[in-house]
Amino acid sequence: MKRIRTFQKKKMLVMVLIILGVLVFLTGRLTWIMIFRSDFYGQKAEDLHERERSIKAARGEILDRNGVVLASNQSVCTISVIHAQIEDAETVIRVLSEELDMSEDAVRERVEKVSSIERVRTNVSKETGDAILACDLAGVKVDVDYKRYYPCDELASRVIGFTGSDNQGILGLEVMYDEYLSGTAGKILTLTDASGIEIEAAGERRQEPVSGDNLVTSLDYNIQCYAQQAAETVLEEKEADAVSVILMNPQNGEIFAMVNVPEYNLNDPFTLNTDITEGLTDEEEQDLLNEMWRNPSVSDTYEPGSTFKVITTAAALEESLVSLDETFYCPGYKLVEDRKIRCHKTAGHGSETFTEAIMNSCNPVFIELGLRLGAAVFYDYFEQFGLLEKTGVDLPGEAVTIMHAEDAIGQVELATIAFGQSFQITPLQLITTVSSLINGGARITPHFGVRVEDADGEVVETFSFAEEENLVSGETSETLRYLLEKVVSEGTGKNGAVEGYSVGGKTATSQTLPRSENQYISSFIGFAPADDPQVIGLVVIYHPQGTYYGGTVAAPVMQEIFEDVLPYLGVEHSG
């Protein structure tokens, strides 16, 4: 019995010690939390009773080279409801339904949803937001934020791109430079009690948003307008499917204008720019939207036709395979293996020098140059000139050249490549390569981004783009400029001439696949002044109706553009 009592005493002592130990631990833990971790757990407790509403940052503006605003912001409102604070649900539903032009069922679904905060509608006009705010409805929040706004509507739409409902860039420059433009969102923090009711005496805490920086581009509003007007005119007159125009500085790759008509309204980017809108399935409508947003100058390839003869000429001159006064004979075709490949002048040009051949755009002569070069050497020049890589333009979705594998280039393929058929490149790749051949031989990177500035105009970052020297010799570049000036002053490019200026250029008329459909692409590439190019332009007209020759249809478009652009840029008249 005595042993049992002794055992029980020991057991009780152990339990007392355990309890004391637990109390000491809890007291120590509580002391540590209250003294050393009070700030941390105080913040945790506050967070449990703090409601957060985001504030959009003002997105940076996109500016042309002269400061003209191409993309800006408008003040709009976000309308939200807080279920726990609503006192008169039916009044809230009625007012929001009327002011926001929403069905009562749609509003009711949001009002009756039990959540900390529920958005009813974003991007509401400031006037509507103020009207709702004036109703002083318990549980309804009206927060001011920003919506992207494009002052020029359709201008350069496929270049600038647009943003989504979250104000993030989706297409074009908006997405490529999003990290500079987007800024940092702010917050509105409101204390609530355990039931979710805001504590009025506590007020609100704000973390102010940080606005994005501004992007200064190489685009020129006036040049873009000149080019778009000319493109729209020929689109209508020739009932063409589309027209693309690019104008850039061939010395450094800065793009002055990039037009792809029909353009679309950046302020309403989900409305199709075509009359065919009824009876479409959702999938068909999305396909048409994707096509509307696509930038064909960058993302689509085509057979360049005779404009590519500039590149064939450069390779042949570099290899010393032709001289300007060398004589050729054109009977209207050239036999290559078992194929009779015709000249555009079926009766033939007869005897002609090489200078005359490029002025006449004679296919048989350029077939001869291609055969002289051979597949291996010609392919090497494709690589040397950068034709098998992307240009590196600061726009999304750039396509690459579609070219035969080197070991698949036979004599017939070589012949057709030499005058710009049986392969495809983008319009931007063509104008970039020709720029590099006429500017003295420096491969430039086409681009829009020039610099980033803060709201005070202070430069945050200046962009630089890669250049590669010595693509061709200075002598070859000079010879090309001479030959292409002859094309415009005396050859097939006469309709691209501009009075008082020396202009170089090359015409092209290429037939699209399948050939049986007899559809054509007319184009002209031109630059001025011919001896020291300061601007180069490319016009591509897709499927013009009626007359379709590049010299007749496309060259006059560039002439019209240059008549405005050359004086505007201060290019001096030729002597």
Side-chain angles (χ1 to χ4, degrees), residues 230 234 238 245 302-314 316-317 322 324-334 341-370 416 418-421 427 430-431 434 437-438 479-499 501-511 520-528 530 533 536-541 544 546-563:
V234 74
K238 297 303 297 180
V245 180
Y302 77 117
E303 288 187 340
S306 294
T307 50
F308 192 78
K309 291 172 181 173
V310 178
I311 294 162
T312 304
T313 300
L317 289 172
V322 67
L324 302 194
D325 57 359
E326 181 180 353
T327 302
F328 296 83
Y329 183 80
C330 169
Y333 64 90
K334 187 171 181 66
I341 304 176
R342 298 191 176 278
C343 185
H344 69 88
K345 186 177 181 180
T346 55
H349 292 102
S351 180
E352 56 187 346
T353 65
F354 178 69
T355 300
E356 291 169 334
I358 194 169
M359 289 164 53
N360 295 331
S361 197
C362 180
N363 285 350
V365 171
F366 283 88
I367 292 172
E368 175 62 26
L369 292 190
T416 54
F419 62 87
Q421 289 191 3
L430 177 67
I431 194 173
V434 173
L437 299 178
I438 64 167
T479 302
L480 277 175
R481 294 194 298 269
Y482 166 78
L483 290 170
L484 296 174
E485 191 280 330
K486 285 286 189 183
V487 171
V488 174
S489 62
E490 302 178 37
T492 57
K494 286 181 180 179
N495 289 328
V498 180
E499 186 176 353
Y501 295 94
S502 62
V503 176
K506 187 71 191 73
T507 60
T509 310
S510 54
Q511 192 173 17
Y520 295 87
I521 297 175
S522 305
S523 60
F524 177 80
I525 191 165
F527 57 90
I536 186 169
L538 174 64
V539 175
V540 183
I541 305 171
T547 304
Y548 52 79
Y549 296 112
T552 306
V553 178
V557 178
M558 187 58 70
Q559 178 192 60
E560 178 184 345
I561 294 170
F562 274 177
E563 284 175 345

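In what follows, residues are counted from 1 in the order of the sequence shown.
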Could you check whether any side-chain N or O of T346 sits under 3.5 Å from a backbone N or O of G332, counting only pairs where one atom can act as donor and the other as acceptor? no

Distance-minimising heavy-atom pair for H349 and C362: ND1-SG, 3.5 Å

Taking the side chain as every heavy atom from C-beta outward, state whether Y549 and N495 have any atom pair closer than 4.5 Å. no

Interatomic distance, CZ@F328 vs CD1@I367, rounded to 0.5 Å, equals 12.0 Å

Within the distance-only criterion (no hydrogens, no angle test), does the side chain of S510 pair as donor or acceptor with the backbone N or O of E303 below 3.5 angstrom? yes

Which heavy-atom pair separates A418 from T312 by the least distance, and what is that distance? O-OG1, 2.8 Å

So, for G496 and V503, which heavy atoms are closest and what is the spacing to 0.1 Å? O-CG1, 3.9 Å

Can you find a heavy atom in the side chain of V322 that is under 4.5 Å from one in the side chain of T313? no

Is a donor on one side and an acceptor on the other found under 3.5 Å between the side chain of E560 and the backbone of V557? no

Please find out if less than 6.0 Å separates the ring center of F366 from that of F354. yes

Polar contact flag, side-chain donor to acceptor under 3.5 angstrom, K238-T547: no

Compare every heavy atom of T507 with every heavy atom of G493, then report the nearest pair and how far apart it is. CA-CG2, 3.7 Å

State, with a plain yes or no, whether a side-chain heavy atom of K309 is found less than 4.5 Å away from one of N363. yes

Is there a donor-acceptor contact under 3.5 Å from the side chain of T492 to the main chain of G551? no

If you measure from CD on E499 to CD on Q559, what distance do you get to the nearest 0.5 Å? 10.0 Å

Report the distance from atom NE2 of H344 to atom OG of S306, rounding to the nearest 0.5 Å. 6.5 Å

Determine whether E352 and V365 make a side-chain contact, defined as any pair of heavy atoms from C-beta on separated by less than 4.5 Å. yes

Spacing of CD1 belonging to I341 relative to OH belonging to Y333, to within rounding of 0.5 Å: 12.5 Å

Hey, does the side chain of S522 reach the backbone of I541 with a donor-acceptor pair shorter than 3.5 angstrom? no

Flag the pair V488 / F524 as yes when at least one side-chain heavy-atom distance between them is below 4.5 Å, and no otherwise. yes

Quick one, S361 and K506 - any side-chain contact, counting heavy atoms below 4.5 Å? yes

Nearest 0.5 Å, what's the CG-CG distance between L317 and L437? 10.0 Å

Could you tell me which non-hydrogen atom of T509 sits nearest to which non-hydrogen atom of G550, and how far apart they are? OG1-N, 2.8 Å

Could you tell me which non-hydrogen atom of T327 sits nearest to which non-hydrogen atom of S351, and how far apart they are? CG2-OG, 3.3 Å

Enter the distance from L483:CG to M359:CE here, rounded to the nearest 0.5 Å. 9.5 Å

Check against side-chain contact (heavy atoms from CB on, under 4.5 Å), T353 and L324: CA-CA 7 Å; T353 65; L324 302 194; over 6 Å; no

